[in-house]
Visitor: 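Below: one structure in structure tokens.
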Amino acid sequence: MFPVPKAPVQHWLIKSEPFKYSWAQLEKDGRTLWDGVRNFEARNNLRAMKEGDLCLFYHSNEGKDVVGIARVVRAAYPDPTAPGEDWSVVDVAPHKPLKLAVALDLIKSEPSLSEMQLLKRSRLSVVPVEKSHFDLILKLGKTKA
DNA sequence: GCCAACGTTGGC
DNA sequence: GCCAACGTTGGC
């Protein structure tokens, strides 16, 4: 038999204000549902996520850096915090912390990262990340996926 | 705490 | 269907 072709892992970046929900909290919880997204484009990105996809975990406002990698452990389902409305959540778990946090300043100073949606669509809380960008962030963070 | 960017809403 | 007003996000 031929091996079943595995769907390629997709890469994302999810933002949270550490005040509201930090990487440390995710590590403590072991798993969480990524709720509260109330933007159509961000929601559609959530819905495009598959189990096993990897997400850069970014602290907005405070920190302003990528601090870890989260893994999607359950694909999109209705957001329980908005009953009757058309919003979605996914479940994520900590995959690996970055050895070095990668600051927004550093990302901005890296010419090959200038096309990142994080920079171009700074107000979107869930954005896709190209694999080459994802790999470079990990490299800057001295971490292997 | 300010402000720019920008998505969303509602009046017309 | 346009567009002004408004609210929110997030960098500075």
Side-chain angles (χ1 to χ4, degrees), chain A residues 6-145:
Chain A
K6 237 168 59 179
V9 170
Q10 306 175 102
H11 303 89
W12 310 90
L13 181 144
I14 56 179
K15 285 187 201 177
S16 182
E17 299 184 43
F19 234 109
K20 291 186 187 153
Y21 196 88
S22 64
W23 172 258
Q25 189 64 43
L26 178 62
E27 287 194 323
K28 201 173 145 198
D29 292 346
R31 169 181 188 136
T32 194
L33 71 166
W34 205 253
D35 63 9
V37 170
R38 296 293 182 270
N39 170 285
F40 291 113
E41 200 175 346
R43 181 200 67 185
N44 293 342
N45 287 333
L46 284 179
R47 288 181 180 174
M49 289 182 180
K50 300 187 313 287
E51 212 176 300
D53 283 359
L54 296 176
C55 308
L56 299 172
F57 192 107
Y58 176 81
H59 280 160
S60 62
N61 267 311
E62 243 179 89
K64 276 172 282 180
D65 46 12
V66 179
V67 292
I69 309 163
R71 182 166 23 85
V72 177
V73 292
R74 183 179 170 188
Y77 58 98
D79 187 339
T81 68
E85 293 178 50
D86 195 20
W87 298 110
S88 296
V89 297
V90 296
D91 286 0
V92 295
H95 179 68
K96 223 181 223 191
L98 292 193
K99 285 205 185 99
L100 281 181
V102 178
L104 181 62
D105 284 348
L106 181 58
I107 293 172
K108 281 182 163 173
S109 71
E110 193 63 50
S112 54
L113 295 177
S114 62
E115 293 302 307
M116 275 191 83
Q117 295 296 300
L118 171 67
L119 303 180
K120 305 210 117 185
R121 310 290 314 281
S122 61
R123 288 177 60 250
L124 249 197
S125 59
V126 182
V127 292
V129 175
E130 285 177 29
K131 183 170 194 316
S132 62
H133 294 163
F134 184 88
D135 289 345
L136 183 50
I137 299 278
L138 259 52
K139 197 174 159 197
L140 293 171
K142 308 275 184 221
T143 306
K144 290 199 160 108

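Chain letters run A, B, ... following the sequence lines, proteins first and then strands; every chain starts at 1.
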Visitor: Can you confirm if the aromatic rings of Tyr77(A) and Trp87(A) lie within a centre distance of less than 6.0 Å?
Guide: no
Visitor: Can you check whether Lys108(A) has a side-chain N or O nearer than 4.0 Å to OP1 or OP2 of dC12(C)?
Guide: yes
Visitor: Given atom CG of Leu118(A) and atom C1' of dA5(B), what is their separation to the nearest angstrom?
Guide: 15 Å
Visitor: dT8(B) C1' sits how many Å from Trp87(A) CH2, rounded?
Guide: 10 Å
Visitor: Should Lys139(A) and Asp135(A) be marked as a salt bridge (charged side-chain N to carboxylate O under 4.0 Å, His left out) after you check the CA-CA gap, both sets of side-chain angles, and the distance that decides it?
Guide: CA-CA 6 Å; Lys139(A) 197 174 159 197; Asp135(A) 289 345; over 6 Å; no
Visitor: Think Tyr58(A) has a side-chain N or O under 4.0 angstrom from the OP1 or OP2 of dT9(C)?
Guide: no
Visitor: Which is true for Arg38(A) with a 4.0 Å heavy-atom rule: it touches a base, it touches only sugar-phosphate, or it touches nothing?
Guide: nothing
Visitor: To check you understand the geometry: which heavy-atom pair defines the closest contact between Asn45(A) and Val126(A), and what is its length?
Guide: ND2-O, 2.6 Å
Visitor: In terms of the angle between their ring planes, are His11(A) and Phe134(A) parallel, tilted or perpendicular, with boundaries placed at 30° and 60°?
Guide: tilted
Visitor: Identify the two heavy atoms, one from Ala101(A) and one from Val67(A), that lie closest to each other, and give their separation to 0.1 Å.
Guide: CB-CG1, 4.2 Å
Visitor: Taking NZ from Lys20(A) and C1' from dT9(C), how many angstroms apart are they, rounded to a whole number?
Guide: 9 Å
Visitor: Could you tell me whether Lys15(A) contacts a base, only the sugar-phosphate backbone, or nothing, with contacts defined as non-hydrogen atoms closer than 4.0 Å?
Guide: sugar-phosphate
Visitor: Check the distance between dC12(C)'s C1' and Leu104(A)'s CG and give it to me in whole angstrom.
Guide: 11 Å
Visitor: Quick one: is dG10(C) close enough that its OP1 or OP2 comes under 4.0 Å of any side-chain N or O from Ser122(A)?
Guide: no
Visitor: Take the protein atom CG of Leu124(A) and the nucleotide atom P of dA5(B), then report the distance between them rounded to whole Å.
Guide: 16 Å
Visitor: Separation of His59(A) atom NE2 from dG10(C) atom P, in whole Å?
Guide: 13 Å
Visitor: Pick the nucleotide of DNA chain B nearest each of Asn61(A) and Arg123(A); which residue has the one closer to the 5' end?
Guide: Asn61(A)
Visitor: Distance check needed: dT8(C) P versus Glu17(A) CD, whole Å only.
Guide: 13 Å
Visitor: Grab the CG-P distance between Asp105(A) and dG11(C) for me, whole Å please.
Guide: 10 Å
